[in-house]
Amino acid sequence: MNLHEYQARDILRRHGIPVPPGEVATTVAEARAIAVRLGGGPVVVKAQVHAGGRGKAGGVKLAANADEAAAHAAKILGMTIKSLTVRQVLVAPAADIASESYVGIIVDRTSQRPVLMVSAAGGIDIEEVAAKTPEKIHRLAIDPRYGLLPHQGLGLALTLYRDIAQARAAADIMQRLYTAFYAVGASLAEINPLATTRDGAVAALDAKIVIDDNELERRPEIAALRDSSADAPSEVAAREAGLTFIKLDGTVGCCVNGAGLAMATMDLVKYYGGEPANFLDIGGSSNPQKVVSALRIITADPSVRAILFNIFGGITRGDDVANGIVQATSGFPLKVPLVIRLTGTNQELGVQILTQAGFSALTDMDEAVKQAVARARAA
Ligand code: GDP
Ligand code: MN
């Protein structure tokens, strides 16, 4: 689950990280009022969307006074950044930036640990730094038994700042960022830029936190921060239907029971030269309605050229899936070809139901994937 910058800032602030104040506006008048409340001086107006690179997209603008802030808010509200519509702006006092660094923590699968990454080359070009001059990024895998040790934090902070007071401040921020990262169940927490200002202070001017969805159940206060209006509509619909769904960029819509089989299916789609349009696990339950919801979500995606059902029935029953497919396609006719592979529990009954309704069902997974890829390509 993605948080907005203002939500991430609140979390960091609560953990004692220096973050400038700021308030969120949904209208131009509110944005102006906030700028006035902040003293009427220079402010920064920032699009709140679940996307990075807002600065480059024109979603972060400095204003000298409240009037300018209102003018920027008028431009930014309603603007589209990476296909997301901006509905909120954060208005915060503008910092007088002297330098921009990067500090971030991610869960790293390779080391199976949280990895702290810092770079003195922070700011809006950090992706380019990572791609072209990775040696400018210092990494440290944190042992979760001990956390970030003070000398480790200070060691990294000294790669950012020569000034010892600034290095100590940065080390303290890293420690607090790690604590916050753990406390909220994050898979990523980053500050970019971690800025020094002309008066020598160190502060977090941007914050990004991604929460591991599996941590939400035991953190209702974090789960309550979800902004569904900012998520892809297909993912919201899937969540509401109890499906595990992740939208991808390909053309083969996949409807599978079980996460492992869904992963294997996506691998096989790629193996045969196709690209999956989504990850979708209808789960282990026997419920035709889930299949209906799944088909509705997949067919709503205009880039889907063919749909592949891959069902290996255990608890999921073949006849339920077949009924779901028949039910769904009688409700809204499919515009794309459907390839079905159905084996396992109640396979015969399932195939019979499908055949009667004019569908054919395969039992071989390779064959089904090959056909789906071919038909997506032909479409
Ligand atoms: P992002 O592009 O989505 O990462 O948005 P950021 O919040 O990081 O803003 C992008 C860039 O805008 C930063 O790297 C800064 O260079 C600049 N910026 C953001 N806030 C301020 C500010 O308060 N003062 C100044 N001078 N520049 C800022
Ligand atoms: Mn940033």
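In listed order, ligands and their atoms are each counted from 1.
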Hey, mind stepping through V103 and L116 against side chain to side chain contact (heavy atoms under 4.5 Å, CB included) and telling me if it holds?
CA-CA 7 Å; V103 176; L116 174 61; 4.0 Å; yes
Using a 4.0 Å heavy-atom cut-off, which part of D96 comes near ligand 1: side chain, backbone, both, or neither?
neither
For atom CZ of F312, is the number of surrounding heavy atoms from other residues, nucleotides or ligands below 6.0 Å larger than 12?
no
Give yes or no for whether the N/O distance cutoff of 3.5 Å, strictly under, is met between [X] and ligand 1.
X	value
A94	no
E100	yes
G123	no

Could you list the atoms of ligand 1 found under 4.0 angstrom from a heavy atom of L62?
22 (C), 24 (N), 25 (C), 26 (N)
Could you tell me which atoms of ligand 1, counted from 1 in the order shown, lie closer than 4.0 angstrom to a heavy atom of P193?
8 (O), 14 (O)
How far is [atom] from the closest protein heavy atom, and which atom is that?
atom	answer
atom 24 (N) of ligand 1	A95 O, 2.8 Å
atom 19 (C) of ligand 1	V60 CG1, 4.0 Å
atom 27 (N) of ligand 1	I97 CD1, 3.2 Å
atom 2 (O) of ligand 1	G55 N, 2.8 Å
atom 20 (N) of ligand 1	V44 CG2, 3.9 Å

Any protein heavy atom under 4.0 Å from atom 10 (C) of ligand 1?
yes
If you measure only the distance, is there a donor-acceptor pair under 3.5 Å linking the side chains of T363 and T343?
no
Lys/Arg-Asp/Glu bridge criterion (N-O < 4.0 Å) met for [X], [Y]:
X	Y	answer
D67	R32	yes
R168	D172	no
R239	E235	no

Heavy-atom donor-acceptor pair, R13 side chain to P20 backbone, under 3.5 Å:
yes
Under 4.5 Å between any side-chain heavy atoms of K270 and E275, yes or no?
yes
Going by heavy-atom distance to atom 3 (O) of ligand 1, choose the closest among K61, R54, K46, E5.
R54
Nearest candidate to atom 4 (O) of ligand 1, where distance is taken over non-hydrogen atoms, out of V49, I191, I81, D206:
D206
I'd like to know whether N192 forms a side chain to side chain contact (heavy atoms under 4.5 Å, CB included) with K208, so could you lay out the CA-CA distance, the side-chain angles of the two residues, the decisive distance to 0.1 Å, and finally the verdict.
CA-CA 8 Å; N192 184 32; K208 178 176 163 107; over 6 Å; no
Output, in order, the C-alpha distance, side-chain angles, deciding distance and verdict of side chain to side chain contact (heavy atoms under 4.5 Å, CB included) for T299 and K335.
CA-CA 8 Å; T299 51; K335 294 195 197 78; over 6 Å; no
Which atom, counting only N, O or S, brings D206 closest to the Mn ion (ligand 2)?
OD2
